[in-house]
**Student:** 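Sharing a structure here in structure tokens format.
Order of the sequence lines sets the chain letters (A, B, ...), proteins ahead of strands, with each chain counted from 1.
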Protein chains: 2
Amino acid sequence: MKQYEHPPAEAFRLTAILHALSDPYRLSIVQKLSVLQPQPCAPLQGGRPKSSVSHHFSVLRKAGLVRTVVVGVNHMNSLRDAELEARFPGLLKTILDAAARSEGLPAQD
Amino acid sequence: MKQYEHPPAEAFRLTAILHALSDPYRLSIVQKLSVLQPQPCAPLQGGRPKSSVSHHFSVLRKAGLVRTVVVGVNHMNSLRDAELEARFPGLLKTILDAAARSEGLPAQD
DNA sequence: ATGATAGTTCGACTATTGTCGAACTATTCG
DNA sequence: CGAATAGTTCGACAATAGTCGAACTATCAT
């Protein structure tokens, strides 16, 4: 059962994390994973072709945000939240809170 | 005295903020401003040509991170920290803490 | 006015990123 | 085994972003 490479927590680079989360689609993946974990890629596709989805998951993995484990035919994704919290305390939660807040008011004053 | 356009706080987009901070040079500008505010562009140049510096300040302004006020011959930059805090509580501080932490350990274990 | 200083704008170029179809790999099921 | 499913990799292309010199603008000092 072939698995993925994930950078060790010491190798996380803040700028890579911020870049990974600066894409709206990737941010939405992380938001959804924060609600339900783990999930395979399929329910997170959002209408995109598989090759695009795969690319975005690769960016998330390389930044250290997501861990992907092959379980049978599915690739189960989860957030590396504990490691992230240890390395950059409060970062993920604060960004997710900000993201939630952004969504509340996209249309009104 | 000609001044700059700055987006209102309601127009801040999280992804634009994350993107702005995902560039190491721009992140370093924000870090330096967080220590000493306001500052003109010159001391923050970091060896880059003026046109590049100007470009990066423009990105920071458009994201809502920096406010630039023309004072005589200098363009004084400061963080829009209060507005940012109101819109995205804890975000700037958490990222700056993470950035400070990143710098502590670029070489050791 | 002239010159000096601080920074912007423009335009060209390069590099990085995102998109997507097609072919490929791994696993399960029949 | 062969077919189906889930996702990756490759390669081409488009779009976005960063870099930098040169010309420009605004302000201050003389």
Side-chain angles (χ1 to χ4, degrees), chain A residues 1-7 13-30 32-33 36-78, chain B residues 1-7 13-30 32-33 36-78:
Chain A
M1 197 185 291
K2 194 178 208 175
Q3 295 295 344
Y4 288 84
E5 298 243 319
H6 296 92
R13 284 177 314 131
L14 176 60
T15 50
I17 291 173
L18 297 178
H19 172 249
L21 295 175
S22 74
D23 178 273
Y25 173 56
R26 287 191 298 256
L27 180 57
S28 79
I29 290 175
V30 169
K32 285 168 188 157
L33 285 177
L36 176 61
Q37 235 178 124
Q39 286 190 71
C41 304
L44 303 166
Q45 283 206 186
R48 283 169 185 74
K50 295 197 297 180
S51 50
S52 294
V53 173
S54 191
H55 163 70
H56 287 297
F57 271 98
S58 164
V59 172
L60 288 169
R61 274 192 298 268
K62 284 175 183 156
L65 283 157
V66 166
R67 161 161 279 131
T68 307
V69 176
V70 179
V71 177
V73 96
N74 290 307
H75 296 203
M76 297 304 281
N77 302 286
S78 33
Chain B
M1 198 185 290
K2 191 177 211 178
Q3 294 294 347
Y4 288 84
E5 299 245 319
H6 296 92
R13 285 178 313 132
L14 177 60
T15 49
I17 291 174
L18 297 179
H19 172 250
L21 295 176
S22 73
D23 178 273
Y25 173 55
R26 287 192 296 258
L27 181 58
S28 79
I29 290 176
V30 170
K32 284 169 189 156
L33 285 177
L36 176 61
Q37 237 181 121
Q39 287 191 69
C41 303
L44 303 167
Q45 284 205 187
R48 281 166 186 76
K50 294 196 296 179
S51 50
S52 294
V53 173
S54 191
H55 164 69
H56 288 296
F57 271 98
S58 165
V59 172
L60 289 170
R61 274 192 298 267
K62 284 175 183 156
L65 283 157
V66 165
R67 163 161 277 131
T68 306
V69 177
V70 179
V71 177
V73 96
N74 290 306
H75 296 204
M76 297 305 282
N77 302 286
S78 32

**Student:** Each nucleotide in nucleotides 8-15 of chain D should get exactly one letter: B, S or -. Can you fill that in based on protein heavy atoms under 4.0 Å?
**Tutor:** BB------
**Student:** Could you pull out all donor-acceptor pairs under 3.5 Å where a side-chain atom in residues 57-68 of chain B meets a protein atom, sequence neighbours excluded?
**Tutor:**
residue, atom, partner, partner atom, Å
B/Ser58, OG, B/Lys62, NZ, 3.4
B/Arg61, NH1, B/Thr68, OG1, 2.9
B/Arg67, NH1, B/Glu83, OE1, 3.1
B/Thr68, OG1, B/Asn77, OD1, 2.7

**Student:** Figure out the CE/P separation between B/Met76 and C/dA6, and round it to whole Å.
**Tutor:** 12 Å
**Student:** Rounding to an integer number of Å, can you tell me how far B/His19 NE2 sits from D/dT16 P?
**Tutor:**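 Atom NE2 in B/His19 sits about 12 Å away from atom P in D/dT16.
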**Student:** Measure the distance from NZ on A/Lys62 to P on C/dG18 and round it to the nearest whole Å.
**Tutor:**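 The distance from NZ of A/Lys62 to P of C/dG18 comes to 11 Å, rounded to the nearest Å.
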**Student:** So which atom in B/Ala20 and which in B/Arg26 form the shortest heavy-atom distance, rounded to 0.1 Å?
**Tutor:** O-NE, 2.8 Å
**Student:** Between C/dG18 atom P and A/Leu27 atom CG, what is the distance in whole Å?
**Tutor:**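 Atom CG in A/Leu27 sits about 13 Å away from atom P in C/dG18.
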**Student:** Measure CG/B/Leu60 against P/C/dG7 and give the value in whole Å, please.
**Tutor:** 14 Å
**Student:** Rounded to the Å, how far apart are B/Asp23 CG and C/dT16 P?
**Tutor:** 12 Å
**Student:** Can you name the residues that form a side chain to side chain donor-acceptor pair (under 3.5 Å) with B/His75, not counting sequence neighbours?
**Tutor:** B/Tyr4
**Student:** Atom CZ of B/Arg48 and atom P of D/dG21: how far apart are they, to the nearest Å?
**Tutor:**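 Atom CZ in B/Arg48 sits about 13 Å away from atom P in D/dG21.
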**Student:** Go through it in stages, so that I can follow the logic: the residues are A/Leu21 and B/Leu14, the test is side-chain contact (heavy atoms from CB on, under 4.5 Å), and I'd like the CA-CA distance, side-chain angles, deciding distance and then a yes or no.
**Tutor:** CA-CA 9 Å; A/Leu21 295 175; B/Leu14 177 60; over 6 Å; no
**Student:** Taking the side chain of B/Pro49 as heavy atoms from C-beta outward, which of D/dG7, C/dA26, D/dC20 is closest to it?
**Tutor:**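 Nearest to the side-chain atoms of B/Pro49, counting from C-beta on, is D/dC20.
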**Student:** Output the single nucleotide from C/dT17, C/dG7, D/dT19 whose closest atom is nearest the side chain of B/His56.
**Tutor:**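 Output: D/dT19.
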**Student:** Just to verify, what does B/Pro24 make a side-chain contact (heavy atoms from CB on, under 4.5 Å) with, not counting sequence neighbours?
**Tutor:** A/Thr15
**Student:** Taking only side-chain N and O atoms of B/Arg26, does any of them lie within less than 4.0 angstrom of OP1 or OP2 on D/dG18?
**Tutor:** yes
**Student:** Show me the pairs that pass salt bridge (Lys or Arg N to Asp or Glu O under 4.0 Å) and involve residues 45-58 of chain B, at least two apart or across chains.
**Tutor:**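 The answer is none; no pair qualifies.
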**Student:** Nearest-Å distance, CG (B/Asn77) to C1' (C/dG7)?
**Tutor:**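 Atom-to-atom, B/Asn77 to C/dG7, this comes out as 10 Å.
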**Student:** Among all residues two or more places apart in sequence or in another chain, which pass the side-chain contact (heavy atoms from CB on, under 4.5 Å) test with A/Ser28?
**Tutor:** A/Tyr25, A/Gln31, A/Lys32
